[in-house]
Amino acid sequence: MARMDSVRRKPKDARGTFRRLIAYIGQYKWILAAVFALCFVSNILALLGPGLAGSAINEAAAGPGKVRFDRVLYFAERMLLCYVSSSVITIAIHFVMMKVSRWVARKMRGDVFEKLMRLPVGYFDQNQAGDIISRVSYDIDVVCTCIATDVVQILTSLVTVIGSFVMMLMLSPMLALVTLVTIPSAIFYTTKMRKITQPRFAKRSKNYGIMNGFVEEMFGGQKTIMAYAYENRVAERFDRINMAAADAYYAADYYGLTMGPTVGFINNIGLGLIAVFGSLLYMWQMITLGQISSFVLYSRKFSGPINEIANIVNELYSALAASERVFALLDEEEELKDKEGAKAPHEVKGNVALEHVFFGYDREKTIIHDLNLVADAGKLIAIVGPTGAGKTTIINLLMRFYDVDQGRVLLEGGDIRDYTRAGVRGAYAMVLQETWVFRGTIFENIAYGKEGATMEEVVAAAKAAHIHSFIMQLPEGYETVISEDGGNISKGQKQLLTIARAMLYDAKMLILDEATSNVDTGTERRIQKAMRELMKGKTCFVIAHRLSTIQNADQILVIHQGDVVEQGNHESLMEKRGFYYRLYAAQFE
């Protein structure tokens with residue numbers, strides 16, 4: 001599990017992250033240009049309101065017998081029209097930006113998903129699924145919420161601040177200078193708080209990823225948790241992780257939420273100064289009552305956006321932290337590109353060899369040492385050995401999920417690094433101990449690897465895998481929909497479905513990683529016999545822990561600490577009374 005005590009630091013490249021966000025939004029530049037224009041019009045209409053209100057007040061303050069009510073009504077009507085028009089335009093702007101944010105979210109998620117499809121297997125071995133899901137869902141939601149609301153708010157605030165200040169200068173330059181006294185304090189405070197809140201928002205995003213990863217991991221092992229009566233301890237661990245996430249959220253929002261009220265307090269000091277100096281100017285007849293009223297309204301419009309921007313800054317920091325996590329995933333190193341001119345292997349028959357192979361998931365820790373292996377076409381090769389010996393690692397190298405550090409893996413005499421990865425992997429069908437089925441019909445799950453497969457082919461594969469009778473007992477037969485992750489069928493039935501899928505797949509080689517571990521012994525023997533019949537002319541690699549299942553293998557490779565320590569068929573290895581003999585005896589004592 002990833003460390004929870006993440007380092008509090010600033011984003012590595014805040015400006016670069018911001019530019020990349022702008023690039024996503026910039027795809028809709030013409031729509032944004034229209035939004036900017038509408039923002040300008042909306043705010044100009046809103047800025048006309050205080051001036052019209054001041055004119056109405058001046059008319060009403062003309063004195064007894066001098067008030068022209070038609071003029072007061074005229075200015076009031078114009079003011080109402082400006083405010084209503086501004087509100088309608090603002091609603092339209094928010095609607096458009098919600099659409100844009102949805103488009104950006106779709107594009108960003110599409111880019112992330114495509115990136116995940118190009119990442120090497122090692123990335124998924126080293127990162128929790130929950131944390132990856134958190135980046136695809138929560139982090140992108142944070143970014144797009146910011147786009148939908150905060151971008152418009154910033155634009156509106158900028159126009160309002162500039163327009164309000166121009167209008168204040170026109171009404172009274174002296175009072176405008178008084179207003180500016182509090183601005184440096186607000187800017188200093190906001191800058192100071194940025195340095196405090198930004199790393200806390202980054203920590204919040206990371207801790208939410210950790211929490212999602214833990215939840216995903218625990219849900220996957222729910223039955224095991226219950227079997228060991230471990231519920232209370234899991235709940236305690238979740239409480240600690242949840243508390244860390246909640247504390248990170250609180251730490252970010254605690255400082256963030258103080259920004260708005262503090263900046264508001266600074267702005268209210270400015271309003272007090274306006275009241276004092278405005279009164280003096282009115283007494284000296286340097287300003288009218290209507291102008292003071294208009295000035296106060298403009299000062300509120302001027303300070304209000306500054307206060308809002310202080311609150312928006314929190315959301316921007318949160319979005320910046322979230323987007324940095326998304327872009328970090330997008331910047332992950334992809335699988336090495338195929339060599340220039342590389343092609344898929346031609347006429348694969350199933351001849352495979354490993355020559356003096358050295359490999360380690362960590363370059364400083366080699367786990368495969370000088371491994372040599374020869375698998376002739378059409379043979380059944382069994383790979384056995386204790387846990388951690390390197391059996392699954394050999395499969396990873398054959399499928400080119402990883403490339404060897406030294407030596408060569410040969411397919412039909414050619415180094416697989418000279419072929420395309422897709423071509424090498426397409427030469428194999430694979431059935432793993434950890435079965436994978438998806439939400440869809442049974443037909444779709446079996447036919448997954450073979451495009452255009454017919455019902456007759458699917459049924460033949462299902463019969464060979466001894467699952468046809470079970471399928472026919474279902475209400476919809478082959479059209480029965482399997483729930484997510486096969487929740488409505490047993491583990492053994494899922495495994496039989498994946499075996500049928502591999503049988504149907506038109507590949508010259510088959511990899512079985514403890515593929516019959518979830519079926520009974522009788523079914524296992526029938527499957528082995530059916531496989532031998534169906535896989536004639538194909539090379540089959542079987543990783544087996546139950547040695548009784550591979551007694552008929554053409555060749556058995558005994559792996560120990562990354563080396564082939566013995567090699568031969570079952571009878572010859574038993575006669576040697578060596579490492580294989582001891583493994584076999586240990587299982588049947």
Side-chain angles (χ1 to χ4, degrees), residues 10-43 89-119 123 127 129-159 194 197-198 201-202 204-206 208-209 212 249 252-253 256 305 308-332 334:
K10 292 182 180 180
K12 294 179 181 178
D13 185 11
R15 291 184 180 180
T17 301
F18 184 74
R19 283 197 296 268
R20 293 178 71 171
L21 276 177
I22 293 299
Y24 268 96
I25 303 172
Q27 299 175 66
Y28 309 100
K29 56 186 178 183
W30 297 115
I31 296 177
L32 292 176
V35 167
F36 294 165
L38 289 174
C39 274
F40 182 78
V41 172
S42 174
N43 281 275
I89 294 173
T90 300
I91 291 172
I93 289 170
H94 282 290
F95 177 78
V96 172
M97 288 306 295
M98 285 179 62
K99 287 279 190 181
V100 171
S101 70
R102 188 179 67 180
W103 296 334
V104 171
R106 182 176 61 189
K107 177 69 169 69
M108 190 174 284
R109 285 199 176 95
D111 289 348
V112 169
F113 191 82
E114 290 176 7
K115 179 70 176 188
L116 290 172
M117 296 298 100
R118 297 193 299 269
L119 290 176
Y123 178 82
N127 292 271
D131 183 60
I132 296 172
I133 293 171
S134 181
R135 299 187 193 209
V136 177
S137 56
Y138 172 75
D139 289 330
I140 292 180
D141 281 342
V142 170
V143 173
C144 293
T145 299
C146 174
I147 293 172
T149 58
D150 298 337
V151 170
V152 173
Q153 194 63 50
I154 290 172
L155 291 172
T156 301
S157 298
L158 288 174
V159 175
R194 178 185 64 82
T197 58
Q198 194 162 313
F201 279 112
R204 185 181 76 173
S205 292
K206 183 166 186 177
Y208 266 78
N212 289 340
Y249 193 98
D253 279 9
E308 291 172 356
I309 289 174
N311 291 322
I312 291 170
V313 165
N314 297 322
E315 300 301 325
L316 290 177
Y317 294 158
S318 178
L320 193 63
S323 60
E324 188 175 46
R325 281 167 47 81
V326 174
F327 291 137
L329 192 156
L330 290 173
D331 291 338
E332 285 288 340
E334 299 179 8

To the nearest 0.5 angstrom, please state how far the [atom1] atom of [X] sits from the [atom2] atom of [Y].
X	Y	atom1	atom2	answer
Ile132	Ser137	CD1	OG	11.5 Å
Asp141	Ser101	CG	OG	10.0 Å
Leu116	Tyr123	CG	OH	6.5 Å
Ile22	Lys29	CD1	NZ	14.0 Å
Arg109	Lys107	CZ	NZ	13.5 Å
Leu119	Glu332	CG	CD	6.5 Å

With a 4.5 Å limit on heavy-atom distance, are the side chains of Arg135 and Val112 in contact?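 No, their side chains stay 4.5 Å or more apart.
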
Can you tell if the side chain of Asp111 reaches within under 4.5 Å of the side chain of Lys115, non-hydrogen atoms only?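 Not in contact.
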
Return the minimal non-hydrogen interatomic distance between Ser323 and Leu21, and the atom names on each side.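 Residues Ser323 and Leu21, closest heavy atoms: OG-CD1, 3.7 Å.
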
Nearest non-hydrogen partners of Ala322 and Val143, listed with the distance: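 Where Ala322 meets Val143 most closely, the heavy atoms are CB-CG2, 4.1 Å.
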
Take atom CZ in Phe40; do more than 12 heavy atoms of anything else shown fall under 6.0 Å from it?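 No, because the 6.0 Å sphere around CZ of Phe40 holds 12 heavy atoms or fewer from other groups.
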
With side chain to side chain contact (heavy atoms under 4.5 Å, CB included) as the criterion, how do Leu330 and Arg20 come out once you've worked through the C-alpha distance, each side chain's angles and the decisive distance to 0.1 Å? CA-CA 11 Å; Leu330 290 173; Arg20 293 178 71 171; 4.2 Å; yes

Passing candidate, side-chain contact (heavy atoms from CB on, under 4.5 Å) with Val96, options Val35, Leu32, Ile91, Leu38: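 Checked Val35, Leu32, Ile91, Leu38 against Val96; only one passes side-chain contact (heavy atoms from CB on, under 4.5 Å): Val35.
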
